[in-house]
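Below: one structure, written as C-alpha cells.
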Amino acid sequence: MPELPEVETIRRELAACIRGAKISQVEVLRSLVVGHPGSAKFAKTLESDEIEAVERQGKYLILCLRGGRKLVFHFRLSGSIVVTPDRTPQRFARVLFYLSDGRALQFIEPRVLGRIYLVLPGEKPKALTGLFRLGLEPVAPGFTTAHLCAVLAKRKARIKSLLLDQSIASGVGNIYSDEALFRARIRPTRRAHTLKRDEIARLVRTLKDVIREGIENLGTSVKDYYRTDGRTGNFQKMLRVYGREDEPCRLCGTTIKLLKLGNRGSRYCPHCQK
DNA sequence: CGGACAACCTGGTTGC
DNA sequence: TGCAACCAGGTTGTCC
C-alpha cells in the first residue's frame, strides 16, 4: 500500500532515471485508470512531451512536464510504476508511456483503483480535489505538538481514523498509522479530544520517526508495492504491529489484536497501548 | 460540518 | 480439484 515513504522512494528512483526523458507515445490499456481528461485526449496531449521534474505531495506522485503540464499519479492500494528497458508490457500494466530512448514507464495496477490525471496549467479538475485539500505532512517542520493539539482538540472521532484523514496528516496510511500509534503507546480507538498533550507530543514524534525510517528503508513491501526496478523495500522487516495480529508483541509478549474500525483493519497491543 | 460507512475494483486466499 | 465467497484498503460519495 503505497503511503508517503513508498511514493517518496518511487519519486527518488524516478528522478534518478527519467528526468529529462521524452515521452514519444502513450498507450492506455485500461481507460478506467485515466482520471482526467478522457483517455484519448490524455494520450494525445502527452505525445512528445518531456519530463522536467519528479515531485510528490502526500501520496500523490507528480511528473512535471514541459509547458507546465503535470502528470499526477495516485497508487491507491496496489498501484506501482516500473521502468523497463523495452516496451514489453508487464503483468497488470494499465498505461504505457513509451520513452524516446526505447524504455517504457509502465503504470502497474492489479486492482484498477489507482488513477492518473493530466493537469493543464491553471486547471483544477474536480476528480483531483483530494490533492488540493492535503494537510501538512508529519515530516513537515510545521507539524508540531501545538499544531496537532489544536487540530485534534475539536475532533471526537477515533485517533486512528483521523490519522488516515489526508487533510490532517497527508501521506499517512494504514501501515504507518498503526506503527506510530504503537510506538506512542496510544490505542487506535481513543477519541481524539481525550488525548493528553504529552500523548500527542509522543504521537508527533513517532509519526515523524516511522515516516523517516520508512523512507530510509525504501518503503514497506507487504503485498503489491515494488520499486521502479521491481525490487522490494525493507521496512516490512521492522514492523511492530502491522500484519502481526495473533503474534506476540515485541515488547511485552501480549498477543497483537486486530480490530475493525470502519472498514479497515487496525492492529495494536492491548497491553502496551492505553 | 463531523462522523460512520458502503462502494469502487480485482487478484489472491480461504472454505466447502 | 473446482469454484464461490470473502478480503484487502485509499478515497469518494452518501446519509444522518
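Letters go in sequence order (proteins before strands), and every chain restarts at 1. Model, not experiment: these values are computed from the prediction.
Counting only heavy atoms from C-beta on, A:Arg91 has its side chain closest to B:dG12 among B:dG12, B:dC9, C:dA8. You'll find that the side chain of A:Phe92 is closest to B:dG12, out of B:dG12, B:dA4, C:dA8. Listed candidates were B:dG3, B:dC9, C:dA8. Nearest to the side chain of A:Leu32 is B:dC9.
Computed from coordinates, the A:Arg111 CZ to C:dC7 C1' distance equals 9 Å when rounded to whole Å. If you measure from atom CG of A:Leu258 to atom C1' of C:dA8, you get 11 Å, rounded to the nearest angstrom. Atom NZ in A:Lys154 sits roughly 11 Å away from atom P in B:dG3 (whole-Å rounding). Atom-to-atom, NZ of A:Lys260 to P of B:dA4 comes out at 16 Å; the value is rounded to the nearest Å. In this structure, the OH atom of A:Tyr176 is 15 Å from the C1' atom of C:dG10, given to the nearest Å. In this structure, A:Ile168 places its CD1 atom 8 Å from P of B:dG3, rounding to the nearest Å. Taking atom CZ of residue A:Arg267 and atom C1' of nucleotide C:dC7, one finds them 11 Å apart after rounding to whole Å.
Within the nucleic acid shown, A:Arg115 has no heavy atom closer than 4.0 Å to any nucleic acid atom.
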Side chain to side chain contact (heavy atoms under 4.5 Å, CB included) assessment of A:Tyr117 paired with A:Glu123
CA-CA 11 Å; A:Tyr117 312 85; A:Glu123 228 184 355; over 6 Å; no
Worked verdict on A:Thr255 versus A:Glu247 for side-chain hydrogen bond (donor to acceptor under 3.5 Å, both in side chains)
CA-CA 5 Å; A:Thr255 303; A:Glu247 293 177 40; over 6 Å; no
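Checking A:Lys160, A:Arg158, A:Lys260 one by one against A:Ser266, the side chain to side chain donor-acceptor pair (under 3.5 Å) holds for a single residue, A:Lys160.
No hydrogens or angles considered: nothing links the side chains of A:Gln90 and A:Thr84 as a donor-acceptor pair under 3.5 Å.
The side-chain contact (heavy atoms from CB on, under 4.5 Å) search around A:Arg231 returns A:Arg227, A:Asp229, not counting sequence neighbours.
With a 4.5 Å cut-off on side-chain heavy atoms, A:Lys22 and A:Asp101 do not count as touching.
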Reading 5' to 3' through nucleotides 11-16 of chain C, protein heavy-atom contacts under 4.0 Å coded B for base, S for sugar-phosphate only, - for none
BS----
